[in-house]
Amino acid sequence: MNVVPAYQQQTTDVRQRFDTLKQRDVTLQVQNLSKSFSINDGTVTALSNVSFEVHRREFMTVIGPSGCGKSTLIRILAGLEFASSGVVKLNGEQVSGPGPDRGMVFQTYTLFPWLTVKKNVMFGLRNLGVSDTLAQKEAMQWIDLVGLDRFANHYPHQLSGGMKQRVAIARALAAKPRILLMDEPFGALDAQTRAKMQSYLLEIWRNIDITIVFITHDLDEAIFLADRILVLKANPGEVQELIEVPVPRPRLASQMLETPFLSTRQHIGELIHPPVSEEDDLPGVIRMTPVGDDVEPQW
Amino acid sequence: MSQPGASASLDQTVVATASTKNQANSRDIPLVKVKDPWFVPRVGLSARRNRVLGIASFLLPLLIWFAISYLPFLWHPNIKITEPGDVSYFKAGMQIERERFESEYAKLVTSGGELPQGEPSNPVYLPAPHEVATALYTSFTTEPRRKSEQWFHESLWHSITIIFWGFTLSSLVGVPLGVLCGTYAAVSRLQEPFIEFFRYLPAPAFGALAVAILGIHDAPKIAIIFIGTFFQQVLVIANTTRKLDTALIEAAMTLGSSRLALLFKVVIPGVLPDLYRDLRILLGWAWTYLIVAELIGTSSGITWFITQQARYKNFENVFAAIIIIGIIGLVTDMLLARLGRRFFPWDRSGDKQAAHA
């Protein structure tokens, strides 16, 4: 029998979690998704034959080297871009174009600057035709959930980066999406705020019925948040592996120093940065020669 | 390491002796005078320096004007005659070039006769500050020479109404069209190539045509201001609209906004503060077309006043009128800026003070 690598070894708890997870309905189904752009001379393939499934209340992160098309993928899921071929199904129905059933949190701050925090959160509800008083009430519940009730009447420019993204999460969730798409939402935040936001997000996710697809380029973030990690490779963007994270929940910062976490981290690290062979000629290295042969280099 | 430490302790002893003498707070920290250079790229000034320089920007040209007007050795190329003497064509109050005066003077010295008297003066087209200052008041109180002519305040008001209608009509069409061009590629392609062509045609070139079609009164003047403003306005506003962050529109799409809602609930409120700023700048441009517009058909308004006063050689009134146009422009802009801050409390790109508030 083959030896199971450390990152695939699951405790009974974890295995049970994945068993129940896989028995749940499939919320998002992606089949043979491809996307190519035509530029001046020829075409560039951003995504090639990407297929995966996300179950209800699953937290999936997507990671890969830059240029692997992870942003393109999430924009296609959101309906902001169109695939060249392939199908995206939400709860069994094919999606085309953006819609409130798929909420999105962007990397850049996209709160409407002319609306207060409360009005921002009400935006999706009003689009759904919810009455003003009811929308206000519901918005306040979401604002409470992200802990910003004191800032309900502030404008976005009066908030810090982390607070803005919390409002953006509340705004997306208030529209009652089936799935929340997050495109490196904490990418612009400093390390401490980012860590806090990750715990916050897990807390919110635990308390409500929401499925999350989360794009990141940060290894620790990808593992810390996810049930499963979709690892993409670049040129063209293809699925490299779908990893079941063996770290039990609830997640704690201390787990980041334990074997399940570290072995997963090492494995993904190897997938994303394949080892450079010694024989490779590195064109980037330039030999710096001193001006004359008799001059000793100064450095 | 030991040097700074030693000097610090020395400072402390000085402070300590000083404060024991005064029986004052012994924990006073000695104030360090920090150098505050004037010329650092992209670094703002203190409130005090802002104020001082703001006043100086008006004082400097005034100072030059004062110097030229009241210091005879600086310029004063003419002689204003007080006593004509025996020169046949001299008259009291007449201005004549200095060389001419001196040669006539020298002739009389050799031939004998009563010598003319005069004092150095500036040409008539450069009145002194005090003359203009009085004109700022008297231009309003001077009765028009003919009954059919207008008082100064009447012609000023006439100009303002021309500007108002020209700019309002232009904005009523230009702003919506500009926003549509900046939002929808189809509208932009249908409109902008022609507008790009048309905006290079100088508005005054349409003067004769405007008079032929619209008559000689106010209508052609309003039309000239409209033509001068409208085409620039559409392009400027289309560009401003295009600068709205696309991510905001995308965010609204993922929140279920309909196409129409994207325009009315995202694009328009999103660009409103910048649009308002554009209109303030464009209003300044409208004023520059005023002078040309008012020369078309029957001359009227402030332009009529200025040309008329120049004809009478009342140059102090000409200067007064010019200064009043400047003041009207400056005051309306300041007023609009203040209103803007009230209308758009979320907007902080306009000024730094809002950011502190």
Side-chain angles (χ1 to χ4, degrees), chain A residues 71 74-75 77-81 95 97-117 119-130 135 153-159 164-165 167-177 179-183 185 188, chain B residues 175 179 182-186 237 240-280 336-337 339-357:
Chain A
S71 269
I74 206 161
R75 288 175 62 80
L77 298 185
L80 297 172
E81 279 180 36
V95 298
D101 49 357
R102 282 149 292 140
M104 178 124 170
V105 179
F106 296 79
Q107 177 175 12
T108 53
Y109 302 128
T110 55
L111 294 184
F112 304 121
W114 59 93
L115 297 178
T116 58
V117 166
K119 292 249 170 78
N120 261 289
V121 178
M122 284 165 62
F123 192 89
L125 289 165
R126 296 291 286 150
N127 280 339
L128 290 173
V130 178
N153 292 318
H154 283 53
Y155 283 106
H157 74 82
Q158 296 165 306
L159 306 180
K164 280 181 203 168
Q165 291 306 66
V167 178
I169 293 169
R171 182 178 68 174
L173 290 175
K176 300 188 189 73
I179 190 166
L180 185 61
L181 306 169
M182 306 184 84
D183 185 6
Chain B
V175 172
V179 171
T183 312
Y184 302 113
I237 285 180
T240 300
T241 309
R242 267 185 219 113
K243 278 192 208 131
L244 183 74
D245 189 359
T246 313
L248 291 181
I249 296 172
E250 291 181 344
M253 284 163 106
T254 64
L255 290 167
S257 290
S258 66
R259 294 242 174 100
L260 212 59
L262 288 180
L263 177 63
F264 285 102
K265 285 184 162 181
V266 183
V267 175
I268 291 174
V271 298
L272 219 49
D274 291 324
L275 224 141
Y276 184 79
R277 240 191 308 279
D278 284 348
L279 287 186
R280 267 171 57 201
L336 289 176
L339 273 178
R341 249 170 274 153
R342 175 155 299 185
F343 289 156
F344 314 115
W346 68 87
D347 176 48
R348 1 179 270 154
S349 45
D351 47 57
K352 285 181 180 164
Q353 272 160 351
H356 290 298

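In what follows, chains carry the letters A, B, and so on, assigned in the order in which the sequence lines appear, proteins first and then strands, with residues in each chain numbered from 1.
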Please determine whether side-chain contact (heavy atoms from CB on, under 4.5 Å) holds for the pair A:Arg75 and B:Glu250, giving the CA-CA distance in whole Å, both sets of side-chain angles, and the decisive distance to 0.1 Å. CA-CA 10 Å; A:Arg75 288 175 62 80; B:Glu250 291 181 344; 2.7 Å; yes
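Among A:Phe112, A:Tyr155, A:Phe106, A:Trp114, the residue making the largest number of heavy-atom pairs under 4.5 Å with chain B is A:Trp114. With respect to chain B, the highest number of heavy-atom pairs below 4.5 Å among A:Ala168, A:Pro113, A:Pro156 belongs to A:Pro113.
With sequence neighbours excluded, no residue satisfies ring pair (Phe, Tyr, Trp, His ring centres under 6.0 Å) with A:Tyr109. With sequence neighbours left out, A:Lys119 forms a salt bridge (charged side-chain N to carboxylate O under 4.0 Å, His left out) with no residue at all.
Contact detail for B:Ala251 and A:Arg171: the closest heavy-atom pair is CB-NH2, 3.6 Å. Nearest heavy-atom pair across A:His157 and B:Pro345 is NE2-O, 3.9 Å. B:Gly256 approaches A:Pro100 most closely through the heavy-atom pair CA-CD, 3.8 Å.
The structure places CG of A:Leu80 at 6.5 Å from OG1 of B:Thr254, a figure rounded to the nearest 0.5 Å. Taken to the nearest 0.5 Å, the CG atom of B:Leu255 stands 9.5 Å off from the CG atom of A:Leu125. To the nearest 0.5 Å, atom OG1 of residue A:Thr116 and atom CH2 of residue B:Trp346 are 11.5 Å apart.
Heavy atoms of A:Leu111 lying under 4.5 Å from chain B belong exclusively to its backbone.
Using a 4.5 Å cut-off on side-chain heavy atoms (C-beta onward), B:Lys265 and A:Phe123 make contact.
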